[in-house]
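These notes are about the structure you will find just below.
Hydrogens, waters and symmetry mates play no part in the numbers below; they use all other heavy atoms, side chains included.
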Amino acid sequence: LYGGFSHVKPWLPLGPDHFSRNAAAQHADATSLLNLYRQLIALRRRTPALISGSVNSVSAKNHVLSYVRTEGSEKFAISLNLGHDPQQLPHDPASIILSTHFDRSGENVSGTLALRPAEGVISRLNNQSRLPTIAFPIHETYRASRISFLRRNPLLYLSGIPEFPP
């Protein structure tokens, strides 16, 4: 019923492709947005650094947002290419845990991380990693659009970027 998302008639009309783009299709497709959310939620639930870890080394440059979440000896780098072009960024030695493209788990990174357009990556940093801290200015327009932005970017939302002060 109703694309597999509800038993109640939705207030918005279903798209003409709801027979092929529906909850059952999302569930069956290992690379669907539904399964990305499930993997991100599971990763966050089992990883204290992604729940309550401190946020360090925040950088925003060339459509790439990156930061490190740290809790105890756990360090995770979150790197998000928000642009339409491939990007490369300096990266400490790490192992990729999850990519929004689902094809890089276990890949080792050393020196440079290549990101495809609209790709996000969570990687576990080796203990010897020492990323520099870079100041990230928070603008009023960024604060105002934060909720909308995070809903469109699940990796950023679920990796636990903290609330910004009002």
Side-chain angles (χ1 to χ4, degrees), residues 21 25-27 29-164:
R21 297 185 72 179
Q26 290 270 315
H27 184 69
D29 179 3
T31 63
S32 70
L33 187 59
L34 173 65
N35 284 313
L36 174 61
Y37 267 93
R38 286 180 171 171
Q39 287 187 30
L40 287 166
I41 290 168
L43 177 61
R44 187 166 189 218
R45 284 182 177 160
R46 69 177 184 265
T47 310
L50 297 179
I51 296 170
S52 59
S54 62
V55 177
N56 303 297
S57 305
V58 178
S59 173
K61 186 178 178 183
N62 298 330
H63 301 284
V64 175
L65 174 63
S66 61
Y67 57 98
V68 175
R69 296 292 307 259
T70 304
E71 178 74 25
S73 63
E74 285 189 317
K75 282 184 173 182
F76 290 86
I78 291 81
S79 305
L80 306 159
N81 182 358
L82 305 174
H84 301 289
D85 297 316
Q87 298 288 336
Q88 293 198 10
L89 64 144
H91 202 283
D92 281 345
S95 177
I96 293 177
I97 303 298
L98 182 65
S99 164
T100 54
H101 290 271
F102 296 99
D103 59 354
R104 299 180 71 178
S105 292
E107 180 181 318
N108 290 319
V109 178
S110 182
T112 303
L113 174 65
L115 291 172
R116 295 169 280 193
E119 180 179 27
V121 167
I122 298 176
S123 55
R124 182 186 311 270
L125 294 170
N126 297 346
N127 287 334
Q128 69 270 18
S129 298
R130 299 273 189 266
L131 290 171
T133 301
I134 302 168
F136 177 61
I138 300 169
H139 301 284
E140 289 301 319
T141 54
Y142 182 82
R143 269 193 214 111
S145 64
R146 181 179 180 277
I147 298 297
S148 171
F149 174 79
L150 292 177
R151 286 186 181 142
R152 291 188 315 266
N153 295 279
L155 187 64
L156 182 61
Y157 177 73
L158 293 171
S159 63
I161 196 164
E163 292 293 327
F164 294 119

How far does CG of Leu50 sit from CZ of Arg69, to the nearest 0.5 angstrom?
6.5 Å
Could you walk me through whether Phe76 and Glu71 satisfy the side chain to side chain contact (heavy atoms under 4.5 Å, CB included) test, starting with their C-alpha distance in whole Å, then the side-chain angles of each, then the deciding distance to 0.1 Å, before giving a yes or no?
CA-CA 9 Å; Phe76 290 86; Glu71 178 74 25; over 6 Å; no
For the student: nearest non-hydrogen atoms of Leu43 and Thr47, plus distance
O-OG1, 2.6 Å
Side chain to side chain donor-acceptor pair (under 3.5 Å) contacts in which one or both residues fall within residues 106-115, not counting sequence neighbours:
Arg104-Glu107
Heavy-atom check, side chain of Glu74 versus side chain of Thr70, under 4.5 Å:
no
Say you draw a straight line from CD of Glu119 to CD of Gln87; how long is it, rounded to the nearest 0.5 Å?
11.5 Å
For the student: nearest non-hydrogen atoms of Ser57 and Val68, plus distance
CB-CG2, 4.1 Å
Please report the C-alpha distance between Ser123 and His91 in whole Å, then the side-chain angles of each, then the deciding distance to 0.1 Å, and finally whether the side chain to side chain contact (heavy atoms under 4.5 Å, CB included) criterion is met.
CA-CA 10 Å; Ser123 55; His91 202 283; 3.2 Å; yes
Check whether any side-chain heavy atom of Ile96 sits under 4.5 Å from a side-chain heavy atom of Leu113, and report yes or no.
yes
So how far is it from Ser66 OG to Leu80 CG, rounded to the nearest 0.5 Å?
8.0 Å
Run the numbers on Leu34 and His27 for side chain to side chain contact (heavy atoms under 4.5 Å, CB included), then give the verdict.
CA-CA 7 Å; Leu34 173 65; His27 184 69; 4.2 Å; yes
Indicate yes or no for a side-chain donor-acceptor contact from Asn35 to the backbone of Gln26 under 3.5 Å, with no hydrogens or angles considered.
yes
Counting C-beta onward and ignoring hydrogens, is there a side-chain heavy-atom pair between Ile51 and Arg44 closer than 4.5 Å?
yes
Distance col, row Asp85:CG vs His63:NE2, nearest 0.5 angstrom, shows 7.5 Å
Residues Pro117 and Pro86: closest non-hydrogen pair is CG-N, 3.8 Å
Under 3.5 Å: donor-acceptor pair, side chain of Ser32, backbone of Asp29:
yes
Do Asn56 and Tyr67 make a side-chain contact, defined as non-hydrogen atoms from C-beta onward lying under 4.5 Å apart?
no
Whether over 12 other heavy atoms sit under 6.0 Å from His101 NE2
yes
Are the charged groups of Asp103 and Arg116 less than 4.0 angstrom apart, N to O?
yes
Run the numbers on Val64 and Leu82 for side chain to side chain contact (heavy atoms under 4.5 Å, CB included), then give the verdict.
CA-CA 6 Å; Val64 175; Leu82 305 174; over 6 Å; no
So, do Leu115 and Ser79 sit near enough that their side-chain heavy atoms are less than 4.5 Å apart?
yes
Under a 4.5 Å cut-off applied to non-hydrogen side-chain atoms, are Val121 and Ile78 in contact?
no
What are the two closest heavy atoms between Thr100 and Ala118, and how far apart are they?
OG1-O, 3.8 Å
